[in-house]
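Read the structure below first, then the notes.
In this text the structure is predicted, and so the values were computed from the model without any measurement. Each chain gets a letter, A, B and so on, in the order the sequences are listed, and its residues count up from 1. Side chains included, hydrogens not; waters and symmetry mates left out as well; all remaining heavy atoms used.
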Amino acid sequence: MAVTNAEIAAAFDRIADLLEVQQENPFRIRAYRNAARTVRGLAHSLSDMVQAGADLEALPGIGRDLAAKIREMVATGSLRKLRELEHAVPPELVELLQVPGLGPKRLAVLRDRLGIHGLADLEAAARRGLVRNLPGFGVKSEQNLLRELAELKRRTRRWLRAEVEETVEQLLTYLKGIRGVRRVEPAGSYRRWKETVGDLDLLVAAAKGTDVTAAFVRHEAVERVISQGTTRAQVVLRSGLQVDLRVVPQASFGAAWHYFTGSKGHNIAVRTLGVQRGLKINEYGVFDRAGKRIAGRTEAEVYAQVGLPWIEPELREQRGELEAAAEGRLPRLVTLKDIEGDLHCHTTASDGQEDLLTMARAARDLGHRYLAITEHSRHLGVARGLDGDRLLAHGEAIDRLNEKLKGIRLLKGVEVDILEDGTLDLPDEVLARLDVVVGAVHSAFGLSRKRQTERVIRAMDNPRLHILAHPTARLIGRRRACDLDMERVMDAAVERGCFLELNAQPQRLDLDDLHCRMAKERGLKVAISSDAHSAGQLAYLRHGVGQARRGWLEKGDVLNTLPLDGLLDALDR
DNA sequence: GCCGTTTTCGGCCCGACTGTTTTCAGTCG
């Protein structure tokens with residue numbers, strides 16, 4: 001089977017880890033990490049690109065050597081260099097790099113002086129008090145290592161972005177209440193709307209002399225303080241979430257916000273543009289050769305100094321946004337306000353929690369002009385899926401409600417199961433009487449790539465199907481994506497006049513950002529849908545819009561930015 | 001290992017905090 005981009009990226013990262021343990025040239029290590037990031041962010045399969053004879057060296061951070069390694073990986077499925085390194089370095093040794101506070105230098109000391117080769121060795125040595133006497137270590141670092149080892153066992157999770165939204169709001173409110181604080185904003189991956197966040201980055205602009213970090217670490221939710229200075233503090237909340245706070249003067253706010261929003265790769269690229277113009281860019285501003293600050297109050301000022309327009313945070317992933325900005329072809333990203341309606345939700349008729357009227361009113365309150373009611377079909381027993389008769393009766397109830405409703409139109413729909421052989425779970429004559437047919441895989445997730453791809457394409461062969469829901473069926477952190485040849489699926493959808501969904505449930509966000517970009521390249525419109533199972537969940541659309549924006553989608557790339565008439569035309573296959 | 005309107009060699013983003021030092025190295029983001 002063809003090697004995936006993720007596998008190639010993982011191999012490069014693994015090489016970087018191993019080189020790090022060997023204390024290789026840090027720039028060489030960075031080159032591997034940069035390449036891994038580039039590969040991970042590609043919208044095309046490298047296997048296909050190699051087969052098509054594409055110029056790999058045109059990719060950022062890929063030169064002669066790494067291009068050859070990519071071709072080797074595609075041809076053989078593995079890397080000789082990686083095998084040699086794995087042979088030379090004990091695997092447990094690499095795990096030690098995960099311990100916060102332990103880098104390659106101190107790791108080498110532990111290995112050479114105490115023969116430590118893994119987490120268990122380190123714990124035993126620290127407990128016996130052997131670590132404190134090593135050069136560069138002391139009692140404090142020995143204790144810290146023991147605590148980090150304990151932490152490591154219970155931690156190592158990422159958080160769904162949606163999970164930490166409430167915490168963010170609470171912390172922002174708290175920080176704004178501190179005297180002398182002028183402005184508080186989230187930064188980091190949270191601001192870039194990544195589907196998961198590893199920790200939370202918050203930025204504060206404060207008047208001189210305001211002791212923000214002292215007040216911050218006193219917040220009731222803070223369990224432990226990792227570090228605390230005058231301009232920066234890192235804490236762990238009771239929930240286990242790590243929060244990094246930075247404090248800067250107002251004149252530096254834009255530069256700092258840009259810097260702490262990242263991504264790291266984007267920042268480095270912007271700084272490098274600065275260097276080329278004789279400028280130094282840091283979190284305090286943009287400085288000329290004389291060391292005079294010439295910008296920094298706003299992000300736009302910083303970008304302007306390197307000759308670029310302001311770039312939306314969701315695009316700052318070092319995936320071509322700087323080039324697009326330089327050439328004046330940044331996308332005008334879709335916004336929540338562009339959304340005209342929602343094409344996927346459930347009521348008490350299947351596994352939803354609220355009735356038709358409640359859902360309709362809630363959707364109208366969000367400004368929607370239409371809402372498709374898409375109950376499950378009979379095959380999905382656990383969700384009390386509907387058979388044809390119940391579904392048609394439900395449709396009559398929707399018709400009756402539409403006569404009374406003002407300001408919003410309910411569409412008759414279904415989320416019909418795509419069975420293992422690619423047929424749909426309800427007869428065509430039932431589907432023909434609906435406005436919107438959403439099809440979804442809810443079983444046999446583990447089929448081979450070939451069979452899964454054919455299954456989905458066969459479902460789209462049925463002209464009654466309009467939208468393929470949560471195409472990969474992944475659940476972030478819980479169930480991996482189905483193995484689909486997404487390029488083939490998308491090509492097939494375009495040929496057949498089908499659409500793909502971006503399911504906005506926080507644990508799905510399926511299509512993901514890269515898939516959105518693949519769709520856009522093909523002119524395939526995406527439906528951003530809440531899949532709400534309650535009235536409150538209708539607002540989940542914001543998560544979907546965030547993901548869509550990460551995928552460079554514009555208003556015209558999103559199916560449900562169409563007004564009702566246009567939508568019904570588009571659904572007419 | 002990458003990369004080039006200063007360069008095909010010699011650079012490679014930059015600052016904060018901690019702990020161990022007694023002026024700084026290591027680590028992190």
Side-chain angles (χ1 to χ4, degrees), chain A residues 12 15-16 19-20 23-38 56-70 79 81 96-110 131-145 147-148 187-190 197-203 213 217 225-235 242-248 252 255-256 258-287 289 291 302 306-307 318:
Chain A
F12 286 168
I15 289 177
L19 292 176
E20 201 155 9
Q23 297 193 75
E24 255 278 7
N25 175 359
F27 297 107
R28 196 165 165 226
I29 295 166
R30 185 190 296 173
Y32 276 100
R33 297 220 188 275
N34 286 342
R37 190 174 51 225
T38 293
L56 300 179
E57 291 181 46
L59 298 170
I62 307 291
R64 207 160 58 108
D65 185 278
L66 289 176
K69 286 195 168 61
I70 290 171
L79 286 179
K81 166 109 180 165
L96 282 168
L97 282 178
Q98 290 169 19
V99 181
L102 212 50
K105 298 271 172 55
R106 303 204 321 158
L107 180 56
V109 174
L110 290 170
V131 172
R132 63 181 64 182
N133 296 321
L134 297 174
F137 292 82
V139 176
K140 198 74 185 272
S141 29
E142 187 176 85
Q143 287 167 349
N144 285 345
L145 283 175
R147 199 190 51 224
E148 294 294 355
S189 50
Y190 183 87
V197 297
D199 61 13
L200 200 56
D201 297 289
L202 301 179
L203 180 65
T213 60
V217 300
V225 179
I226 299 172
S227 72
Q228 185 192 347
T230 54
T231 68
R232 176 176 156 190
Q234 297 177 289
V235 303
Q242 182 173 323
V243 185
D244 294 2
L245 179 81
R246 291 293 299 247
V247 186
V248 296
S252 297
H258 175 256
Y259 182 60
F260 294 114
T261 294
S263 65
K264 193 172 178 176
H266 176 91
N267 283 352
I268 290 175
V270 169
R271 284 187 176 196
T272 304
L273 288 176
V275 169
Q276 287 165 4
R277 290 161 188 253
L279 302 172
K280 186 174 76 168
I281 301 176
N282 60 29
E283 55 262 58
Y284 295 107
V286 181
F287 299 86
R289 283 192 175 84
V302 175
V306 293
Q318 181 73 324

Round to the nearest Å and state the distance from [X] atom [atom1] to [N] atom [atom2].
{"X": "A:Gln276", "N": "B:dT6", "atom1": "CD", "atom2": "C1'", "answer": "11 Å"}
{"X": "A:Arg37", "N": "B:dG1", "atom1": "CZ", "atom2": "C1'", "answer": "14 Å"}
{"X": "A:Phe12", "N": "B:dC2", "atom1": "CZ", "atom2": "C1'", "answer": "13 Å"}
{"X": "A:Arg132", "N": "B:dT21", "atom1": "CZ", "atom2": "P", "answer": "13 Å"}
{"X": "A:Leu97", "N": "B:dG26", "atom1": "CG", "atom2": "P", "answer": "15 Å"}
{"X": "A:Lys105", "N": "B:dT21", "atom1": "NZ", "atom2": "P", "answer": "17 Å"}
{"X": "A:Ile70", "N": "B:dG1", "atom1": "CD1", "atom2": "C1'", "answer": "13 Å"}
{"X": "A:Leu107", "N": "B:dT27", "atom1": "CG", "atom2": "C1'", "answer": "13 Å"}

Report task. Have a look at A:Glu142 and tell me which of A:Arg132, A:Arg147, A:Arg106 forms a salt bridge (charged side-chain N to carboxylate O under 4.0 Å, His left out) with it. Result -> A:Arg132
Query raised in the report: Would you find more than 12 non-hydrogen atoms of other residues, nucleotides or ligands less than 6.0 Å from A:Arg64 atom CZ?
Result: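 Counting neighbours around CZ of A:Arg64, 12 or fewer heavy atoms of other residues, nucleotides or ligands fall under 6.0 Å, so no.
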Between [N] and [M], how far apart are the two [atom1] atoms, rounded to whole Å?
{"N": "B:dT22", "M": "B:dC28", "atom1": "P", "value": "24 Å"}
{"N": "B:dG10", "M": "B:dG15", "atom1": "P", "value": "25 Å"}
{"N": "B:dC12", "M": "B:dT18", "atom1": "P", "value": "28 Å"}
{"N": "B:dC3", "M": "B:dT8", "atom1": "C1'", "value": "9 Å"}
{"N": "B:dT23", "M": "B:dC17", "atom1": "C1'", "value": "16 Å"}
{"N": "B:dT20", "M": "B:dG26", "atom1": "P", "value": "14 Å"}
{"N": "B:dT21", "M": "B:dT27", "atom1": "C1'", "value": "16 Å"}
{"N": "B:dT5", "M": "B:dG1", "atom1": "C1'", "value": "24 Å"}

Report task. Evaluate side chain to side chain contact (heavy atoms under 4.5 Å, CB included) for A:Phe12 paired with A:Asn34, printing each intermediate quantity in order. Result -> CA-CA 9 Å; A:Phe12 286 168; A:Asn34 286 342; over 6 Å; no
**Report entry** Validation row: A:Leu202, A:Tyr190 side chains within 4.5 angstrom (heavy atoms)
**Finding:**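 SC-SC contact between A:Leu202 and A:Tyr190 ruled out.
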**Report entry** A:Val247 vs A:Thr230 side-chain heavy atoms within contact, under 4.5 Å
**Finding:** no
Query raised in the report: Of the nucleotides B:dG1, B:dG29, B:dT27, which one has an atom closest to the side chain of A:Pro104?
Result: B:dT27
Report task. Return the nucleotide paired to B:dT8: Watson-Crick means purine N1 to pyrimidine N3 with N6-O4 or O6-N4, wobble means G-U with N1-O2 and O6-N3, both under 3.5 Å. Result -> none
Requested in this report: Taking all non-hydrogen atoms of both residues into account, name the closest pair between A:Ser189 and A:Val197 and its distance.
Outcome: OG-CG1, 3.4 Å
Requested in this report: Of all the heavy-atom pairs spanning A:Ser263 and A:Gln318, show the shortest one and how long it is.
Outcome: OG-N, 4.4 Å
Query raised in the report: Start at the 5' end of DNA chain B and walk down; is the nucleotide closest to A:Asp201 or to A:Pro60 reached first?
Result: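 Taking each residue's closest nucleotide, the earlier one in sequence belongs to A:Pro60.
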Query raised in the report: Between A:Ile29 and A:Gly103, which is nearer to the 5' end of DNA chain B once each is assigned its nearest nucleotide?
Result: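 Whichever sits nearer the 5' end wins; that is A:Ile29.
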Query - Sugar-phosphate, base or nothing in reach of A:Val248, heavy atoms under 4.0 Å - result: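 A:Val248: no heavy atom of the nucleic acid under 4.0 Å.
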Report task. Look at all strands and tell whether A:Leu102 reaches a base, only sugar-phosphate, or nothing, counting heavy atoms closer than 4.0 Å. Result ->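 Sugar-phosphate: the residue A:Leu102, judged by heavy atoms under 4.0 Å, touches backbone atoms but no base.
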Query raised in the report: What is the per-nucleotide protein-contact pattern of nucleotides 11-20 of chain B, from the 5' end, where B denotes a base atom under 4.0 Å from a protein heavy atom, S denotes such proximity for sugar-phosphate atoms only, and - denotes neither?
Result: -BBBSBSSSS
Requested in this report: Verify salt bridge (Lys or Arg N to Asp or Glu O under 4.0 Å) between A:Glu283 and A:Arg232, making sure each step is shown before the conclusion.
Outcome: CA-CA 12 Å; A:Glu283 55 262 58; A:Arg232 176 176 156 190; over 6 Å; no
